[in-house]
A.B. asks: 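So that we are looking at the same thing, I have put the structure below in structure tokens.
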Amino acid sequence: MARLTAPATAGQVKLFLIEVNGQFGEDVPSETNPHCSKLKAWEILYLAVEQMEEKERVHAELLKVINEEFGQYDVEAI
């Protein structure tokens, strides 16, 4: 299990999201939104972080959502 810790930069969060992508199926329900699939949640979160500068710090609330959604997947240490 890997989790992002604050402070995390947009670049670190993008790497985390890229590493978890592919570890779940399209039809897996989202942890944070029951009306959404995990794939859709991934796309939304990735697009939010993609707009940021690499070194920009990601807000703690966004890190919390990402951890709730994807913290149970295996990734290399970030």
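Bear in mind that the values here come from a model prediction, so they are computed numbers and not experimental data.
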A.B. asks: Count the heavy atoms belonging to other residues, nucleotides or ligands that lie under 6.0 Å from CD of Gln51, then report whether that count exceeds 12.
C.D. replies: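 Yes, the 6.0 Å shell around CD holds more than 12 heavy atoms from other groups.
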
A.B. asks: Stepwise, does the side-chain contact (heavy atoms from CB on, under 4.5 Å) test hold for Met52 with Val58?
C.D. replies: CA-CA 8 Å; Met52 301 172 70; Val58 177; 4.0 Å; yes

A.B. asks: Is it true that a side-chain atom of Asn67 and a backbone atom of Arg3 form a donor plus acceptor pair closer than 3.5 Å?
C.D. replies: no

A.B. asks: Suppose we screen for side chain to side chain donor-acceptor pair (under 3.5 Å). Which residues come up paired with Glu54, at least two apart in sequence or across chains?
C.D. replies: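 Result, side chain to side chain donor-acceptor pair (under 3.5 Å) vs Glu54: Lys14.
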
A.B. asks: First locate atom CG of Leu4, then atom CD of Gln12, and finally report the distance between them rounded to the nearest 0.5 Å.
C.D. replies: 8.0 Å

A.B. asks: Could you pull out all residues at least two apart from Glu31 that satisfy salt bridge (Lys or Arg N to Asp or Glu O under 4.0 Å)?
C.D. replies: Lys38

A.B. asks: So, using side chain to side chain contact (heavy atoms under 4.5 Å, CB included) as the criterion, who are the partners of Glu61 when residues are at least two apart?
C.D. replies: His59, Lys64

A.B. asks: Kindly indicate whether the side chain of Asp74, heavy atoms from C-beta on, has any atom under 4.5 Å from the side chain of Gln23.
C.D. replies: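 When only atoms from C-beta onward are counted, Gln23 and Asp74 do touch, with a gap below 4.5 Å.
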
A.B. asks: Please identify each residue that fulfils side chain to side chain donor-acceptor pair (under 3.5 Å) with Ser37, with sequence neighbours left out.
C.D. replies: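 Residues passing side chain to side chain donor-acceptor pair (under 3.5 Å) with Ser37: none at all.
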
A.B. asks: Could you tell me whether Phe16 and Phe70 have their ring centroids closer than 6.0 angstrom?
C.D. replies: no

A.B. asks: In a table with atom names and distances, give each donor-acceptor pair under 3.5 Å that connects a side chain of residues 39-49 to protein atoms at least two apart or in another chain.
C.D. replies:
unit_1: Trp42; atom_1: NE1; unit_2: Leu17; atom_2: O; d: 2.7

A.B. asks: Under the rule for side chain to side chain donor-acceptor pair (under 3.5 Å), what residues qualify as partners of Ser30, not counting sequence neighbours?
C.D. replies: Thr32, Glu69

